[in-house]
Amino acid sequence: MSKLSSTNSLEEWLAVIEAAHPSEIDLGLDRVAEVAGRLNLDFSRSKVITVAGTNGKGSTCAMLDSILRASDFTTGVYSSPHFLNYNERIKINGLDSSDEVIVDAFCRIDQAREEISLTYFEYGTLAALIIFSDLALDYVILEVGLGGRLDAVNIVDADIAVITSIALDHIDWLGDDIESIAREKAGIFRPNKPAVCAMSPAARSIVQHSAELNAPLYQFNQDYRLDDAQKVWNWSGVDLNGEHIAYFDLPVPPLPLINAATVLQVLTLIAPDVSIESIASGLESVQLTGRMQSETIGVTECLLDVAHNPQAAEYLADRLQQQPKPSKRTLVLGMLNDKDRQGVIEALRPITDEWYLVSLQGPRASQAEELVNLVGANNPHQCFASVSEALDQLSNSTSESEQVLICGSFLTVTEALSWLKTH
């Protein structure tokens, strides 16, 4: 590592960092906290929001960022994974950080770490924290990558913690039941600092841990609520003093309303001066790659969504069933073999007319032929060696009345985005 410097490209740094640590995931805070201490990070002038959960982290972070920026606050958002460029992981005021800024942060990490080995994710987390600390931003929004308690993001003491949702995922790392996973997520709570939980009802372990820390817990459908009126929606919640607050006729964002409701409760607690005008503006303008993202393949509408577990797939199917039905919907599906592939397929089956099953690359990747057994060979389907191959065929065979849906993994959506850039 010491051979790299600020003259090396971001791609060169990332290649070396990825190969430097023996494990892709190495949960625990000792190593990364030690390096962070040497870097003298300072967030005394920032409010820090940490967001954990199974689904909804990205949309929650995006809506927080959009509303805060609409209020003229400076913001930093750290999220993962990225789609096309690593820079997507570290955003400043809505824009990707530059190669030069990230490389400079990597150089500082490399000098500070000395003998300590860091994972790819830990390098990225420290780089984001360096960049945010240097800029003394008004708000820093940190998306937890995997768990909570032992995730590298958790080295920072948040002013408010958020749990979006909890489902069985990453069971090898977090536990094989909801209560165990919930306890790991609740590891981002801090003594006497508020926590907001979109899980309804909240898991017992979350409630118990918040009580142990004397951390005020605000729960969906208990302390804050939403009323969906289709074209607009209403929200009610409570402030730090327990006073009730309500907003009416809010614009519906292109992201899950439950996460929007959670965002408003968070802002009520940590940014009470945000105006209703800023809230409306932020909800209307928010965008998030790979979440109900609308594109076109020729004359055909194409939706991209990273849904890769049953909970996310059920939400996606629900949203699509509320929309006008296309003459035919073709689902381009690629998945990793450590996900609940059958659960995702069953959730998507009611909205799918034909399955385009694709093989992904990598040690965890499912091959198209494996997915056939889960879909059922009697159901209309075709197999492809890649997402690109499937989209090549669709580009010549679909009509304006049809719809293409691409989902199942971040890898699936990433390959689709790459294809769309050149077509």
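The analysis underlying the following values was restricted to heavy atoms, covering all of them including side chains, and did not include hydrogens, waters or symmetry mates. Since we're looking at a predicted model, the values are computed, not measured.
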Within the structure provided, determine whether V156 and L41 are in side-chain contact (heavy-atom separation under 4.5 Å). no
What distance separates T352 OG1 from L333 CG, expressed to the nearest 0.5 Å? 8.5 Å
Is the shortest heavy-atom distance from the side chain of L316 to the side chain of L405 under 4.5 Å? yes
I'd like to know whether Q265 forms a side-chain contact (heavy atoms from CB on, under 4.5 Å) with V162, so could you lay out the CA-CA distance, the side-chain angles of the two residues, the decisive distance to 0.1 Å, and finally the verdict. CA-CA 10 Å; Q265 182 57 57; V162 187; over 6 Å; no
Find out whether F220 and L226 are in side-chain contact, i.e. whether some heavy atom of one side chain is under 4.5 Å from a heavy atom of the other. yes
Could you tell me if S388 and S386 have a donor-acceptor pair between their side chains, going purely by distance under 3.5 Å? no
Closest heavy-atom contact between T54 and I166? OG1-CA, 3.3 Å
Apply side-chain contact (heavy atoms from CB on, under 4.5 Å) to the pair L10 and F106, showing each step before the final yes or no. CA-CA 9 Å; L10 177 58; F106 283 161; 3.7 Å; yes
Salt bridge (Lys or Arg N to Asp or Glu O under 4.0 Å) for D159 and K47? Distances and angles first, verdict last. CA-CA 6 Å; D159 294 284; K47 294 284 184 65; over 6 Å; no
Within the 3.5 Å criterion, strictly below it, is a donor on S205 or E179 matched to an acceptor on the partner's side chain? yes
Return yes if some donor-acceptor pair links the side-chain N/O of Q322 with the main-chain N/O of R319 below 3.5 Å, else return no. no
Kindly assign one of parallel, tilted or perpendicular to the pair H82 and Y86, based on the angle between their ring planes and the thresholds 30° and 60°. perpendicular
Decide yes or no on salt bridge (Lys or Arg N to Asp or Glu O under 4.0 Å) for E34 and R31, but give the supporting numbers first. CA-CA 5 Å; E34 173 65 26; R31 290 172 297 100; over 6 Å; no
Show, in sequence, the C-alpha distance, side-chain angles and deciding distance for S366 and N337, and conclude whether the side-chain hydrogen bond (donor to acceptor under 3.5 Å, both in side chains) test is met. CA-CA 5 Å; S366 290; N337 56 28; 5.1 Å; no
Donor-acceptor check, side chain of D318 to backbone of E314, threshold 3.5 angstrom: yes or no? no
Establish, from distance only, whether the side-chain atoms of E389 and Q393 form a donor-acceptor pair under 3.5 Å. no
Compute whether any side-chain donor of one residue and acceptor of the other, for T262 and Y224, lie under 3.5 angstrom apart. yes
Would you check if the side chain of S46 reaches a backbone N or O of L137 as a donor-acceptor pair within less than 3.5 Å? yes
For the CD atom on Q342, are there more than 12 heavy atoms of other groups (residues, nucleotides or ligands in this structure) within a distance under 6.0 Å? yes
To the nearest 0.5 Å, tell me how far L360 CG sits from L371 CG. 8.0 Å
When rounded to the nearest 0.5 Å, the distance separating OG of S66 from CD of E284 is 10.0 Å
Which heavy atom of A186 sits nearest to which heavy atom of H209, and what is that distance? O-CD2, 3.1 Å
Taking every heavy atom of M335 against every heavy atom of K339, the minimum-distance pair comes out as CE-CB, 3.9 Å
Expected output: side-chain S71 to main-chain V274 donor-acceptor under 3.5 Å: no
Heavy-atom check, side chain of P272 versus side chain of I245, under 4.5 Å: no
Okay, side chain of N8, backbone of S5: is any donor-acceptor separation there less than 3.5 Å? yes
For R108 and L39, the nearest pair of non-hydrogen atoms, with its separation, is O-CD2, 3.7 Å
CD1-OG1 distance between I406 and T414, expressed to the nearest 0.5 angstrom: 11.5 Å
More than 12 heavy atoms of other residues, nucleotides or ligands under 6.0 Å from CG of D30: yes or no? no
Indicate yes or no: at least one non-hydrogen side-chain atom of D110 is less than 4.5 angstrom from one of Y123. yes
Could you go through S294 and E301, starting from their C-alpha distance and side-chain angles, then the distance that decides it, and tell me whether this counts as side-chain contact (heavy atoms from CB on, under 4.5 Å)? CA-CA 7 Å; S294 180; E301 181 190 24; 3.8 Å; yes
Any side-chain to backbone donor/acceptor pair from D151 onto G145? Under 3.5 Å, distance only. yes
For the pair T74 (side chain) and D138 (backbone), establish whether a donor and an acceptor sit closer than 3.5 Å, ignoring hydrogens and angles. yes
As a test of understanding, state which of V358, D392, L417 forms a side chain to side chain contact (heavy atoms under 4.5 Å, CB included) with V387. V358
Do I279 and W235 have side chains that get closer than 4.5 Å, going by heavy atoms? no
Taking all non-hydrogen atoms of both residues, which atom of R89 and which atom of S80 are closest, and how far apart? NH1-CB, 3.5 Å
Establish, from distance only, whether the side-chain atoms of S133 and D42 form a donor-acceptor pair under 3.5 Å. no
Heavy-atom side-chain proximity of L267 to L68 below 4.5 angstrom: yes
How about Q361: does its CD atom have over 12 heavy atoms from other parts shown lying under 6.0 Å from it? no
Would one find more than 12 heavy atoms of other residues, nucleotides or ligands at under 6.0 Å from atom CZ of R38? yes
Distance-minimising heavy-atom pair for W233 and D228: CB-CA, 4.1 Å
State whether the side chain of S281 and the backbone N or O of E277 hold a donor-acceptor pair below 3.5 Å, judged by distance alone. no
Show your reasoning for whether side-chain contact (heavy atoms from CB on, under 4.5 Å) applies to L320 and M292. CA-CA 9 Å; L320 292 177; M292 289 291 288; 4.2 Å; yes
Is the backbone N or O of T75 less than 3.5 Å from a side-chain atom of N93, with the two atoms forming a donor-acceptor pair by type? yes
Using 0.5 Å steps for rounding, measure from the CG atom of L303 to the CG atom of L331. 11.0 Å
Would you say the side-chain atoms of S278 pair up with the backbone N or O of I67, donor to acceptor, closer than 3.5 Å? no
Spatial distance of atom CG (L95) from atom CG (N87) [nearest 0.5 Å]: 11.5 Å
Under 3.5 Å, is there a donor-acceptor pair linking the side chains of N309 and D340? no
Report yes if the side chains of R349 and N379 come closer than 4.5 Å at any heavy-atom pair, otherwise no. yes
Quick one, R291 with D305, criterion salt bridge (Lys or Arg N to Asp or Glu O under 4.0 Å). Give me CA distance, side-chain angles, the key distance, then yes/no. CA-CA 5 Å; R291 274 76 163 189; D305 198 288; over 6 Å; no
With ring-ring contact (aromatic ring centres under 6.0 Å, His included) as the criterion, how do F43 and F132 come out once you've worked through the C-alpha distance, each side chain's angles and the decisive distance to 0.1 Å? CA-CA 8 Å; F43 293 101; F132 297 160; 7.5 Å; no
